[in-house]
2 protein chains.
Amino acid sequence: MTETPKQTVPVERLRHGDLGDDLSFLLARANALSVSAANTALAAFDLKVRSYSVLALVVGDERPSQRELAEFLRLDPSQVVALVDDLERRGLATRLPDESDRRAKVIVGTTAGRELFAVARRATQRAELEVHSALSAKERELLADTLRRIAYPR
Amino acid sequence: MTETPKQTVPVERLRHGDLGDDLSFLLARANALSVSAANTALAAFDLKVRSYSVLALVVGDERPSQRELAEFLRLDPSQVVALVDDLERRGLATRLPDESDRRAKVIVGTTAGRELFAVARRATQRAELEVHSALSAKERELLADTLRRIAYPR
DNA sequence: TATTGTTATACTCTATAACTATA
DNA sequence: TATAGTTATAGAGTATAACAATA
């Protein structure tokens, strides 16, 4: 195997049409490429974008509850249970009782969790850079600003 | 019900961190919002983004084969079978034999398919505009150009 | 031998409802 | 009554392997 042909004929043939130029479709396709690159990079750490995202939110000092994780990641609370279960089983995060609300549990990353996140983060950022390699640093910055306005509507 | 609060507390609290500013995450979140808006709009026509995408590619005059559809949409050929089955069952598309390759089948939209696509397209474009309402026409144009470079790498 | 479409199957993801303990 | 977390379950989406017909 010498060079993997990233772009083959059908894509060229079909991309010019109602769909291929649609903003939502471009968003979806760019995201699909980005997600599969990230998942490939994360596989080495037994993580996926989902579990990596939870880990990322949990190793900071925001100390989110499961409900907050669910809302931010647009997941059902029951899905977050499974994700946190997994991280907890692997010693990467812990459930702590919320002092002010005894129903709620605050999720915090362990030292092992922080360490794994650090290396996983470097790997995903490398993969991400690859996916966005067609863009300059300035263009990436601008793209992030634009996407932020869509991702966090008021 | 007067005004649905689109943005609640946890999102504000968590969006400033390693994850919330990550380009890939912003892409994923923007796409999630876009997809769910599109699916809501398409539900009225018994379509989803998947089936709508196939329909869109099939009502033009590119006459793609199933393999081409699979490759362009980044789906497994077996998934395309199910999608085309559904469109065919509903009289929106037909499988025609490819003259030059008797293994392949060319998928073409029927008149009903073209008509449904036309109205569904208006609905999705309305929904899309809603999602991207924070952006000006010029910004949307620029965003499309940028995403195209990620979505169709060379 | 390789490829197109197909079938079957298993696995993951997602959505929903119901339950408990707290508020 | 409502909310946080949990459990169970069913449905949708995804990935894989194997097959027939054709190249």
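FYI, side chains are in, hydrogens and waters are out, and symmetry mates aren't considered; it's all heavy atoms of this structure. A, B, ... follow the sequence lines: proteins, then strands. Residue 1 opens every chain.
Taken residue by residue, residues 90-98 of chain B places no heavy atom nearer than 4.0 Å to DNA chain D.
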Would you please test A/Arg13 and B/Glu62 for salt bridge (charged side-chain N to carboxylate O under 4.0 Å, His left out) and show each step? CA-CA 8 Å; A/Arg13 216 167 74 76; B/Glu62 286 88 8; over 6 Å; no
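Between B/Glu68 and B/Leu57, the closest side-chain pair of non-hydrogen atoms is not below 4.5 Å.
Cluster partners of B/Leu96, by chain and number: B/Val106, B/Val108. The rule joins Ile, Leu, Val, Met, Phe, Trp and Tyr whenever side-chain heavy atoms lie under 4.5 Å apart.
A salt bridge links A/Arg148 to B/Asp21: one of the charged nitrogens lies within less than 4.0 Å of a carboxylate oxygen. A/Asp145 has no carboxylate O lying under 4.0 Å from a charged side-chain N of A/Arg149, or vice versa, which leaves the two without a salt bridge.
Rounding to whole angstrom units, NZ of residue B/Lys105 and P of C/dT7 are separated by 8 Å. We find that CD of A/Gln79 is positioned 11 Å from C1' of C/dT16, with the value rounded to whole Å. A straight line from CZ of A/Arg102 to P of C/dA21 spans 13 Å, rounded to a whole angstrom. Counting to the nearest Å, the P atom of C/dA21 and the CD atom of A/Gln66 are 17 Å from each other.
Contact annotation: A/Arg103 does not reach the phosphate of C/dA21 (side-chain N/O to OP1 or OP2, under 4.0 Å).
Nucleotides of DNA chain D nearest to A/Ser65 and B/Asp101 differ in position, and the one nearer the 5' end is that of A/Ser65. Annotation: of the two residues near DNA chain C, A/Ser78 and A/Lys48, the 5′-most nearest-nucleotide partner is A/Lys48.
Geometrically, A/Arg121 does not engage A/Tyr52 in a cation-pi contact, judged by NZ or CZ lying under 6.0 Å from the ring centre and within 45° of the ring axis.
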